[in-house]
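Below, chains carry the letters A, B, ... as their sequence lines are ordered, and counting in each starts from 1. Source: prediction; values computed, not measured.
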Amino acid sequence: MHAHGHAPDADDIAARILAVVRAIPRGQVAGYGEVARRAGLPGRARLVARLLSHNGDRALPWHRVLRSDGRIALPEGSTEYREQCARLRSEGLRVEGGRVRGARAVATVDAQVWGPAPD
DNA sequence: CGCCTGACCACGT
DNA sequence: CACGTGGCCAGGC
């Protein structure tokens with residue numbers, strides 16, 4: 001084990017992504033690309049999606065991860081899709097037409113406290 | 001190796 | 001806001 005730590009192993013990458021997902025506050029959402037970026041993996045949105053699709057941890061707040069436009073990525077009508085809808089609504093979020101309203105208004109907690117980055 | 005698929009994204013119309 | 005287009009990365013075969 002311990003291959004040259006130069007490039008992070010798949011396990012480390014997965015762990016970082018999951019950590020970022022767990023860090024999304026209740027009642028808030030983030031895009032796949034946003035999550036990847038926060039995990040230090042710009043451009044790996046699809047990796048985040050793949051990881052969540054294989055995830056088995058029910059405690060993981062995977063439902064807070066949406067497409068960049070605020071839409072639910074899962075196929076409409078599927079069991080997982082309905083569960084995501086239910087979980088989001090249970091957190092007080094308004095979901096309409098498979099989309100979370102106001103998801104793009106606040107991308108980060110900082111934006112909520114300090115307002116949109118002036119720079 | 002090449003080819004196809006996927007819980008994606010940015011951009012233009 | 002809906003759609004279409006091209007791009008990107010990882011896996012499965």
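- Listed nucleotides: B:dC8, B:dA10, B:dA7. Nearest to the side chain of A:Ala45: B:dC8.
- Here A:Arg46 lies in heavy-atom contact (under 4.0 Å) with a base.
- Contact annotation: A:Arg44 side-chain N/O to C:dA10 OP1/OP2 distance is under 4.0 Å.
- The shortest distance between side-chain heavy atoms of A:Leu60 and A:Leu52 falls below 4.5 Å.
- An OP1 or OP2 oxygen of C:dC1 is reached within less than 4.0 angstrom by a side-chain nitrogen or oxygen of A:Arg99.
- Put simply, CD on A:Glu96 is 12 Å from P on C:dA2, counting in whole angstrom units.
- Distance CD (A:Gln84) to C1' (B:dA7): 8 Å, rounded to an integer number of Å.
- Using a 4.0 Å cut-off between charged nitrogen and carboxylate oxygen, A:Glu80 and A:Arg82 do not count as a salt-bridge pair.
- In this structure, CZ in A:Arg46 is found 11.5 Å from OG in A:Ser53, a value given to the nearest 0.5 Å.
- Remark: the backbone N or O of A:Val65 is paired with a side-chain donor or acceptor of A:Gln84 at under 3.5 angstrom.
- For A:Arg50 and C:dG12, the shortest distance from a side-chain N or O to OP1 or OP2 is below 4.0 Å.
- In terms of position along DNA chain C, the nucleotide closest to A:Gly43 lies nearer the 5' end than the nucleotide closest to the other residue of the pair A:Gly43 and A:His54.
- When the C1' atom of C:dA2 is taken as reference, atom CZ of A:Arg71 falls 9 Å away, rounded to whole Å.
- Rounded to the nearest Å, the gap between the C1' atom of B:dA7 and that of C:dC13 is 22 Å.
- Atom pair A:Leu41:CG and B:dC9:P shows a separation of 14 Å (rounding to whole Å applied).
- Here the C1' atom of nucleotide B:dC9 and the CG atom of A:Leu47 are 15 Å apart, to the nearest Å.
- Look at CG on A:Leu51: it is 18 Å from P on B:dG6, rounded to the nearest Å.
- The separation between A:Asp69 atom CG and B:dA7 atom P is 16 Å, rounded to whole Å.
- Between A:Ser78 and B:dA7 there is no side-chain N or O to OP1 or OP2 distance below 4.0 Å.
- Taken to the nearest 0.5 Å, the CG atom of A:Leu66 stands 10.5 Å off from the CZ atom of A:Arg99.
- In this structure, A:Ile17 places its CD1 atom 15 Å from P of B:dA7, rounding to the nearest Å.
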